[in-house]
2 protein chains.
Amino acid sequence: MAQPNTNGSARPTRALAKSAATRRRVIEAAARMLVEQGYAATRLADIAAAAGLQTGSLYYYFDSKESLVEEVLRYGVQFTHTHVRVIVEQLPDSATAGERLAAAVGGFLEATLELGNMSPAHVRTFHQLPTEIQDSLRPIRRAFARFWEELIDAAVASGEIRADIDPLVLRSFIISSLEQVAEWPGRARHSARDLSDVMRTLIFDGVGRSRD
Amino acid sequence: MAQPNTNGSARPTRALAKSAATRRRVIEAAARMLVEQGYAATRLADIAAAAGLQTGSLYYYFDSKESLVEEVLRYGVQFTHTHVRVIVEQLPDSATAGERLAAAVGGFLEATLELGNMSPAHVRTFHQLPTEIQDSLRPIRRAFARFWEELIDAAVASGEIRADIDPLVLRSFIISSLEQVAEWPGRARHSARDLSDVMRTLIFDGVGRSRD
DNA sequence: GTCTATACAAGGATAGAC
DNA sequence: GTCTATCCTTGTATAGAC
């Protein structure tokens, strides 16, 4: 069983730090390779090389290619979910449903940029993974989706979002718009703050010339 | 060389029709497998089985897995590109740039629904293909992208689309919004016409409650 | 055109030394 | 913790019969 002490044991912190650092390097290398090559073409040898290791050494940290990839994706959703929740919960009680949704949009984009390669890695490769991994990630993905669902439904109820469109379409549109930002070409040129403003405008008001 | 007579020879039409039919079955099976399993997990054996053939028989039609997959994706872009162009060109000369863009949106969605599994197959797997295939598809993808670029820029110039947003962001937003529709869950419930109306509304006016 | 049988390469996984 | 060496499965691709 290839399980390093994630933590909680009485081992010297020094050793844990090194192990954890390597582990992180591997995860980030894996994310990069996934984005560049896709799940199919990503070989463990590539990941190992990018992390400065030999192929066999990966098995000290992970049981399999699948479990490694799973961890890359899981980390991404978890981070994003947490980040967005915190941002929304920090709002004053007086915030409207629309304001909460807008804050969530900003939080999502902050997390996306912060995650680097892990964001596109998730968007691109989820559907290509073996069923077992998809199933194992499904709960957290669902929980996140439900969170958005509540935000959006509340904004519809408050009258801040149009009610004349199928709610499922509405949600799909908002969420896929946000997810796709990670795939945009020169996205790095924009700061998270700029991107948040722009996306809030696009999603809420559309590309049409604003009526005045 | 596994090249069936695409056509143009003096062979009896009967035989050609059968070969073409099988070829089509293979392509559609491949599209379905790509969507369901992803490029990684899609085995030629799966495709063959779904098309009612044995693995080896595929090589009568295609030189390799890669060339088969390439053809699936190429057909999709080509079809969509042509369809959208025709729709836009049929508009009266009096049509504004905004109206042309709106028509293109409708045409894109019609093509998307018409293509069935080929649409999501393209969206999902393009980035995972071997470089050679990506390169070979790049020209037609670029041409299509440029077409959109012109439509959008013209609508900005005519004042029908907001000019206060980075054009690259604007284009990315519109195009990725459209592409993602193929990935939506219960999209089958909506007709192409409904979807076109809804997407035009969302893209041009946003999700915010329309101001009156 | 389609099948069966098989060659062949690639890459994930394991064992054990250091 | 990391390396080297190796096993073993999988799946693409080919050959040749029917």
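- The NZ-C1' distance, from Lys18(A) to dT2(D), rounds to 8 Å in whole Å.
- In terms of the side chain to side chain donor-acceptor pair (under 3.5 Å) criterion, residue partners of Arg138(B) (sequence neighbours excluded) are, by chain and number, Gln134(B), Asp135(B).
- Sorted by residue number, the list of members of residues 124-133 of chain B with any non-hydrogen atom under 4.0 Å from DNA chain C is empty.
- Taken residue by residue, residues 32-51 of chain B places heavy atoms nearer than 4.0 Å to DNA chain D at Thr42(B), Arg43(B), Leu44(B).
- When each of dC3(D), dA13(D), dG1(C) is scored by its nearest atom to the side-chain atoms of Tyr59(B), the top-ranked nucleotide is dA13(D).
- Side-chain proximity of Ser64(A) to the nucleotides dG1(C), dA13(C), dT12(D) is greatest for dA13(C).
- Within the cation-pi definition used here (under 6.0 Å to the ring centroid, within 45° of the axis), Lys65(A) qualifies as a partner of Tyr39(A).
- The aromatic rings of Trp148(A) and Phe108(A) sit perpendicular, their planes meeting at an angle over 60°, well past the 30° parallel limit.
- dG1(C) atom P lies 6 Å from atom OH of Tyr61(B), rounded to whole Å.
- Pairs engaging residues 78-89 of chain A under the salt bridge (charged side-chain N to carboxylate O under 4.0 Å, His left out) rule: Arg85(A)-Glu89(A) [sequence neighbours left out].
- In this structure, the nucleotide among dG1(C), dT4(C), dT4(D) sitting nearest to the side chain of Gln54(B) is dT4(C).
- Closest to the side chain of Ser19(B), from the set dT2(D), dT14(C), dG1(C), is dG1(C).
- The interatomic distance linking Asp63(A) (CG) with dG12(C) (P) rounds to 15 Å, in whole Å.
- Here salt bridge (charged side-chain N to carboxylate O under 4.0 Å, His left out) pairs that include residues 98-123 of chain A, with residues two or more places apart or in two chains, number zero.
- Atoms CG (Leu58(B)) and P (dT12(D)) sit 10 Å apart, rounded to a whole Å.
- In the model, His81(B) has no side-chain atom that pairs as donor or acceptor with a side-chain atom of Arg141(B) under 3.5 Å.
- For Glu149(B) and Arg142(B), the salt-bridge test fails: no basic side-chain N is under 4.0 Å from an acidic carboxylate O.
- Qualifying salt bridge (charged side-chain N to carboxylate O under 4.0 Å, His left out) partners for Arg124(A), counting only residues two or more places apart in sequence or in other chains: Glu183(A).
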